[in-house]
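Notes follow once the structure below has been shown.
All figures in this text were calculated on a predicted structure; none of them were measured in a lab. Below, all heavy atoms of this structure are taken into account, side chains as well, without hydrogens, waters or symmetry copies.
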Amino acid sequence: MEAQAGIKLHPSWLDRLKDEFEEPYMADLKRFLIAERRSGKRIFPRGSDWFRALDLTPLEDVRVVILGQDPYHGAGQAHGLCFSVRDGVQPPPSLANIYKELESDLGIKPRRHGFLEHWAKQGVLLLNSVLTVEMGKAASHRDRGWERFTDRIIAKINAKDEPVVFMLWGSYAQKKAAFVDTSRHLALKAPHPSPLSAHSGFFGCRHFSKANAFLESGGARPIDWALPETATAA
């Protein structure tokens with residue numbers, strides 16, 4: 001799968017991942033996605049947003065990684081950042097629980113929107129393991145090649161000299177980042193913020209303040225977790 005016209009990928013990532021686009025598994029993934037579209041299936045997010053997380057957060061700027069599984073599969077939701085939704089879309093239950101923990105941890109009031117680009121632009125990589133999904137069918141694009149690609153992304157971050165915080169919510173994220181070198185990086189683990197598991201330890205995990213404390217202890221600036229009041233604000 002070559003980097004196609006209309007697909008945006010920051011040069012820092014393209015330079016380090018260009019060989020992946022030449023691998024057979026990516027060619028297979030491209031053929032699968034083309035066939036799905038030709039059959040009339042709607043794929044989310046739109047093609048220009050597949051690598052949105054990598055475009056907004058250059059490798060050299062990554063200070064925090066939050067791992068998700070699949071994009072949202074409802075119309076108008078997914079735009080390339082895990083847990084984030086477009087302006088005008090009601091924050092889904094998992095994101096609502098993230099907001100609750102943020103308020104409990106740092107006193108930040110929940111926003112009415114779920115647009116998280118403010119975090120991404122500060123060095124928070126909001127990465128899904130699988131970067132596409134068929135409308136209305138969760139997990140429909142798993143085991144097609146995306147997982148191998150995103151494993152390479154995590155490996156590139158793990159190789160960074162600067163310490164990075166990995167916020168790993170749920171067993172899936174924890175297994176995916178199991179190889180992270182915790183002698184250099186901080187791996188914060190908690191249950192997933194889904195309503196099914198948030199009360200089992202996500203609430204009260206205080207990952208946001210712990211991440212900032214770790215960053216500041218290494219001389220890095222903390223993340224401003226307070227989102228703008230509106231999704232379109234700078």
Inset, instruction - Walk me through it: do Trp119 and Leu227 pass the test side-chain contact (heavy atoms from CB on, under 4.5 Å)? - result: CA-CA 8 Å; Trp119 294 355; Leu227 296 166; 3.3 Å; yes
Inset, instruction - Mind running ring-ring contact (aromatic ring centres under 6.0 Å, His included) on His185 and Phe179 for me, showing each step along the way? - result: CA-CA 11 Å; His185 305 301; Phe179 63 85; over 10 Å; no
Legend entry - Pairwise side-chain contact, Pro191 with Trp169, heavy-atom cut-off 4.5 Å (strictly under): no
Inset, instruction - Any chance you could lay out the side-chain contact (heavy atoms from CB on, under 4.5 Å) test for Leu67 and Leu125, step after step, and finish with the verdict? - result: CA-CA 8 Å; Leu67 288 177; Leu125 184 65; over 6 Å; no
Legend entry - Side chain proximity check, Ile154 to Val65, heavy atoms < 4.5 angstrom: no
Legend entry - Matching residue for Glu36 among Arg144, Arg31, Lys41 - test: side-chain hydrogen bond (donor to acceptor under 3.5 Å, both in side chains): Lys41
Legend entry - Cluster check Phe21, Leu131: I/L/V/M/F/W/Y, side chain < 4.5 angstrom: yes
Legend entry - Nearest heavy-atom neighbours spanning His113 and Pro228: NE2-O, 2.8 Å
Inset, instruction - Step by step, work out the side-chain contact (heavy atoms from CB on, under 4.5 Å) result for Arg52 and Glu117. - result: CA-CA 10 Å; Arg52 183 66 172 161; Glu117 285 197 359; 3.0 Å; yes
Legend entry - Donor on one side chain, acceptor on other, Gln69 and Arg142, under 3.5 Å: yes
Legend entry - Value rounded to 0.5 Å, distance of NE2 in His10 from OG1 in Thr57: 9.5 Å
Inset, instruction - Look at Glu147 together with Lys176 and state whether they make a salt bridge at an N to O cut-off of under 4.0 Å. - result: no
Legend entry - In one Ile/Leu/Val/Met/Phe/Trp/Tyr side-chain cluster, 4.5 Å: Tyr72, Leu127: no
Inset, instruction - Assign the ring pair Phe51 / Phe149 to parallel, tilted or perpendicular, where the plane angle (0 to 90°) is split at 30° and 60°. - result: perpendicular
Inset, instruction - Check the side chains of Thr132 and His141 for a donor-acceptor pair under 3.5 angstrom, ignoring hydrogens and angles. - result: yes
Inset, instruction - Applying side-chain hydrogen bond (donor to acceptor under 3.5 Å, both in side chains), name anything that partners Ser217, two or more places apart in sequence or on another chain. - result: none
Legend entry - Under 3.5 Å: donor-acceptor pair, side chain of Gln90, backbone of Gly114: no
Legend entry - Pairing residues for Arg152 by the side-chain contact (heavy atoms from CB on, under 4.5 Å) criterion, not counting sequence neighbours: Leu17, Glu20, Ala155, Lys156
Inset, instruction - Kindly indicate whether the side chain of Trp13, heavy atoms from C-beta on, has any atom under 4.5 Å from the side chain of Val62. - result: yes
